[in-house]
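Data block below; observations after.
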Amino acid sequence: MNISFKKIEKKWQDKWEKSKTFVVKKSKKKKYYVLEMFPYPSATGLHMGHALNFTIGDINARFRRMLGLNVLHPMGFDALGLPAENAAIKAKEHPQDYTKKSITYFTKQMRKLGFSYDWGRKVETTDPKYYKGDQWIFLKMLERGIAYRNKAPVNWCPKCNTVLANEQVVNGKCWRHEDTGVEMKYLEQWFFKITNYAEELYNETDKLDWPSRTKTMQKNWIGKSFGTEILFKINRKPWKIFTTRPDTIYGVTFMVISAQHPRLMELVTKKQQKEVEGFLKKIKLVSQKSIKEAEKLKKEGAFTGSYAINPLTNEKIPIYAGNFVVADYGSGMVMAVPAHDQRDFEFAKKYNLPIKEVISGGNIKKGAFTGEGKLVNSGKFNGINSKEAIEQITNDIKKKKLGKKTVQYKLKDWLISRQRYWGTPIPIIYCDKCGIIPVKEKDLPIKLPRNVKFGKGNPLTTNKEWIKVKCPKCGKFGKRETDTMDTFVNSSWYFLRYCDPNNNKIFDPKKANYWCPIDQYIGGKEHACMHLIYFRFYTKFLRDLGLLKFSEPAKKLFHQGVLYGEDGRKMSKSLGNVIDPLDAIEKYSADSLRLALMSFASPDSDTSWDAKVLAGSHKFLSKVYNYFNKNKIGKADQRTESKLNKTIKEVTNYIENFNYNLAIIKIRDLFNSLPNETSKDVLGKSLKLLHPFCPHITEELWNKLGNKKLISLEKWPKVDEKKIDKKFEQQEQTIEKLKDDINNIKKITGKKNPKVYVYVIPKDINLYQEPVKILNKELKLKIKVYTNNYKKKYDPTNKASKAKPNRPSIYLE
RNA sequence: GCGGAGGUAGCGAAGUGGUCAAACGCGGCAGCCUCAAGAGCUGCUCUCUUAGUGAGUUCGCAGGUUCGAAUCCUGUCCUCCGCACCA
């Protein structure tokens with residue numbers, strides 16, 4: 001029978017939309033906010049990863065809704081950003097038109113998948129009403145010293161004429177120009193002082209109900225380490241040096257300052273200038289990204305001509321510029337202890353610098369000894385264990401006011417400036433007289449001008465009309481900031497905007513505090529150290545502004561697995577292994593696709609696409625549909641009731657825990673075991689179990705059962721424990737075993753339609769009567785059961801004597 | 001180098017102390033149906049054995065704990081992923 005899934009699906013999608021089924025308001029019910037990370041729309045449309053992500057979210061949303069919660073399940077588009085701008089330029093379109101088209105396309109596809117979004121809450125970051133919020137928050141950050149301007153080394157592509165985000169540098173090359181090396185440049189940039197929140201972000205990570213892997217990644221990224229800050233005198237000025245090994249301070253034989261250090265040139269003497277400049281030139285093309293090929297990179301450097309004074313030994317120590325010291329960690333300069341640090345050791349070997357052993361236990365001729373040991377050559381600290389010496393030396397330094405115990409983070413302030421058009425304009429005006437002046441709140445939003453000419457770099461810089469603006473302070477003409485904000489700014493607070501997306505304010509704190517924090521956030525694990533840290537930071541900042549009453553944006557987080565192509569490789573156009581969700585829907589149906597996506601594997605594990613699973617899912621749904629066309633509605637037997645209730649229990653549990661694949665197995669099993677005649681109640685409850693996965697077909701069949709209301713808004717079935725009867729399970733096992741035995745004997749003997757005689761011991765007779773009846777029907781055989789002591793039984797070969805407890809004897813004729 | 005995940009029958013994938021030769025799906029094989037194919041239905045699918053209910057060998061590899069291990073412990077090999085010269 002040919003079922004028109006397409007018609008059915010369209011019918012219910014229309015119905016949901018018309019009757020505003022998924023529109024939510026504040027209510028007395030307990031709230032539940034489920035959110036999938038909003039997509040970055042592109043003209044190529046939704047990909048299978050999106051479909052997977054959103055399906056997981058939708059199942060969760062539909063399930064919670066049926067449980068009686070007030071479910072907020074919105075969707076939006078993260079549409080500002082560099083990739084869209086580049087794609088638009090390539091397509092010779094205006095980014096605005098390109099984005100609009102992409103969003104329309106995405107929306108259409110999402111509708112076809114039957115997601116239960118409250119579309120009235122759609123958020124688009126390209127909407128000036130939205131990015132006004134970015135600008136307002138920026139101004140608040142500026143007021144509080146969280147946003148600041150600073151000169152910093154950045155990745156620069158000479159061909160694009162623009163700064164690139166770290167993610168846009170691939171192996172030291174520009175992502176758009178594979179042959180172009182990225183350079184380091186010093187530019188005045190806007191930063192967000194996320195490091196102010198490093199401690200809180202770090203500490204609260206443990207409390208989150210998030211995947212542990214992500215939590216560790218975040219903690220590593222924030223990178224808290226305890227150490228000591230020691231003041232070394234250089235040219236009579238103190239320089240702070242961070243170390244985790246103050247116990248080795250007597251072994252310092254030189255210092256290394258980062259080649260990227262902004263104050264490097266202060267230390268370079270006239271005599272050494274040429275040498276240092278030569279060195280800097282040599283490493284200029286080595287961007288931060290390619291430094292990541294760490295092991296291969298040889299330690300290199302040049303003597304600056306300056307010396308530092310070791311505060312404990314008063315030794316004069318030469319300072320080198322080096323390529324292996326990170327400029328923005330610690331103080332960008334390290335005290336080098338070649339005897340006890342591998343990198344310092346390599347550097348010392350190369351430049352013939354002295355290696356002084358201060359911890360015993362290793363062989364410093366062979367290499368650095370980084371382990372624990374007793375101190376030697378360390379004055380009054382000789383003989384102390386190195387671990388203990390860390391404490392003692394730190395105390396000594398503190399007493400002498402030469403330093404203190406301190407904490408360092410790897411987390412760096414967030415560089416948000418982008419020399420690009422398609423982003424939120426930074427609301428700043430540069431005035432010759434007044435300096436850097438923030439735009440007044442009442443003048444927000446600063447809209448992106450529509451008229452721009454794309455050429456080299458940021459087209460805003462050549463838009464004279466837009467740039468020219470009156471200084472809010474003195475009234476004379478100044479210049480607008482032409483940099484725009486990093487796209488991650490947009491996604492840092494969008495979840496708040498969903499709570500009241502159409503107002504002219506930023507977001508409604510009252511509503512945000514009702515709906516938030518997000519109860520269940522769902523998205524890719526690749527965001528662990530970017531978006532998922534940024535939006536925590538924003539939440540904390542907005543809390544400190546007094547707008548939010550919570551400190552963490554998402555209580556629970558779920559990462560969907562990566563879905564690879566059928567060949568096990570990443571889906572990509574060039575490999576030709578991309579499966580388009582629309583094609584799958586076209587060929588089968590949205591419900592089939594949703595079911596298949598959840599059947600491959602546990603939704604959080606990486607897996608590959610399998611066309612057969614999709615076909616199989618479709619087959620199953622067809623079977624379900626056909627069953628509902630043929631079946632009779634009458635009374636439910638106890639066996640089915642028992643099975644149903646057991647399944648309700650299992651499925652509920654599985655869905656709670658995101659074991660969607662297992663839930664589906666149980667649901668399939670239930671439908672497969674439904675008898676031709678059963679009650680409306682059983683059928684309805686079975687449909688409800690399937691509904692979160694396959695909303696359309698269940699809506700259709702629910703309606704066919706004679707229900708007037710939507711299944712989408714029905715209550716999730718409750719388990720009736722009393723109806724779960726272990727007897728039936730036992731019977732099922734008995735049936736299986738008996739069936740196996742009969743089939744086996746049939747096979748061995750080759751008898752096709754035998755008469756079957758089953759002999760059981762008297763005690764077991766009750767256990768077998770029912771199963772034999774069922775098997776009679778199922779196998780279409782004549783099966784007779786006797787107790788083995790029954791005198792009138794038919795038993796030509798005396799099989800009956802072999803019957804044992806729980807082990808019937810069988811004769812086939 | 002640091003950190004994380006994982007290795008289960010032909011494949012995908014459940015299972016985390018006994019009820020495990022191990023759910024379920026796919027594939028394969030056989031039967032029914034049909035003029036035939038497909039679909040659908042039924043059964044089998046580690047090896048051997050047998051008119052069934054029996055035996056043997058399995059859950060990356062090697063040891064160990066236990067009356068008992070796919071499941072716990074130790075070591076080891078392999079795969080995938082993230083971070084990476086962070087002092």
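From a predicted model like this one, the values you see are computed outputs, not experimental measurements. Note that these values count all heavy atoms, side chains included, but never hydrogens, waters or copies made by symmetry. By convention in this document, chain letters (A, B, ...) are assigned in the order of the sequence lines, proteins followed by strands, and residues within each chain are numbered from 1.
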Whole-Å C1' distance, rG68(B) and rC83(B) = 43 Å

Using 30° and 60° as the class limits, which term best fits the ring planes of F242(A) and Y329(A): parallel, tilted or perpendicular?
-> perpendicular

Expressed in whole Å, how much space separates the C1' atoms belonging to rC61(B) and rU8(B)?
-> 15 Å

Apply salt bridge (Lys or Arg N to Asp or Glu O under 4.0 Å) to D669(A) and list each qualifying residue two or more places apart in sequence or on a separate chain.
-> K643(A)

Just how far, in rounded Å, is C1' of rG4(B) from NZ of K215(A)?
-> 14 Å

Verify the ring-centre separation between Y625(A) and Y627(A): is it less than 6.0 angstrom?
-> no

How would you label the contact of K612(A) with the nucleic acid (heavy atoms, under 4.0 Å): base, sugar-phosphate, or nothing?
-> sugar-phosphate

Output all residues satisfying ring pair (Phe, Tyr, Trp, His ring centres under 6.0 Å) with F671(A), sequence neighbours left out; order by chain, then residue number.
-> none

Excluding sequence neighbours, so at least two apart, what forms salt bridge (Lys or Arg N to Asp or Glu O under 4.0 Å) with E813(A)?
-> none

Rounding to a whole Å, what distance do you find between L532(A):CG and rC83(B):P?
-> 14 Å

Could you check whether V325(A) gets within reach of a base, just the sugar-phosphate, or nothing at all, counting any heavy atom under 4.0 Å?
-> base

Whole-Å P distance, rG27(B) and rC81(B) | 30 Å

N/O (side chain, Y329(A)) to phosphate O (OP1/OP2, rA87(B)) under 4.0 Å | yes

For T253(A), all residues meeting side chain to side chain donor-acceptor pair (under 3.5 Å), sequence neighbours excluded = none

Atom OH of Y409(A) and atom P of rC83(B): how far apart are they, to the nearest Å?
-> 22 Å

rU57(B) and rU47(B): how far apart are their P atoms, nearest whole angstrom?
-> 16 Å

Separation of rG82(B) P from K219(A) NZ (nearest whole Å) = 22 Å

Between rC80(B) and rG40(B), how far apart are the P atoms? Round to whole Å, please.
-> 38 Å

Quick one: I664(A) CD1 to rC26(B) P, roughly how many Å, whole number?
-> 13 Å

Just checking K623(A): base, sugar-phosphate only, or nothing, at a heavy-atom cut-off of under 4.0 Å?
-> sugar-phosphate

Could you give the distance separating rA55(B) and rG7(B) at their C1' atoms, to the nearest angstrom?
-> 30 Å

Determine the Euclidean distance between corresponding P atoms of rG82(B) and rG17(B); express it in Å to zero decimal places.
-> 32 Å

May I ask you to decide whether E199(A) forms a salt bridge with K224(A), counting only side-chain N to carboxylate O separations under 4.0 Å?
-> yes

Test salt bridge (Lys or Arg N to Asp or Glu O under 4.0 Å) applied to K727(A) - qualifying residues, sequence neighbours left out | none

N/O donor to acceptor pairs below 3.5 angstrom from side-chain atoms of residues 733-744 of chain A, sequence neighbours left out:
{"unit_1": "T734(A)", "atom_1": "OG1", "unit_2": "Q730(A)", "atom_2": "O", "d": "2.9"}
{"unit_1": "K739(A)", "atom_1": "NZ", "unit_2": "E778(A)", "atom_2": "OE2", "d": "2.8"}
{"unit_1": "N743(A)", "atom_1": "ND2", "unit_2": "K739(A)", "atom_2": "O", "d": "3.2"}

Sub-3.5 Å pairs of nitrogen or oxygen atoms, protein against nucleotides 18-24 of chain B:
none

Which residues in residues 597-610 of chain A have at least one heavy atom lying under 4.0 Å from any atom of RNA chain B?
-> F600(A), A601(A), S602(A)

For atom C1', what is the distance between rA9(B) and rG4(B), given to the nearest Å?
-> 29 Å

Name all residues meeting the salt bridge (Lys or Arg N to Asp or Glu O under 4.0 Å) criterion together with E677(A); count only those two or more places apart in sequence or in a different chain, and write none if there are none.
-> none

Quickly work out the K747(A) NZ to rU49(B) C1' distance and round it to whole Å.
-> 12 Å

side-chain contact (heavy atoms from CB on, under 4.5 Å) with I355(A): which residues, sequence neighbours excluded?
-> P338(A), A339(A), F345(A), A348(A), K349(A), I364(A)

For RNA chain B, find the residues of residues 739-746 of chain A with a heavy-atom distance under 4.0 Å and give them by number; none if there aren't any.
-> K739(A), D740(A), D741(A), N743(A), N744(A), I745(A)

Over how many whole Å does the gap from D669(A) atom CG to rA14(B) atom C1' extend?
-> 14 Å

Carboxylate-amine/guanidinium contact E650(A) K646(A), below 4.0 Å = yes

Provide the full list of salt bridge (charged side-chain N to carboxylate O under 4.0 Å, His left out) pairs with a residue in residues 598-614 of chain A, sequence neighbours left out, each pair given once.
-> K525(A)-D606(A)

Over how many whole Å does the gap from L563(A) atom CG to rC80(B) atom P extend?
-> 19 Å

So what does N220(A) touch, heavy atoms closer than 4.0 Å: a base, only the sugar-phosphate, or nothing?
-> sugar-phosphate

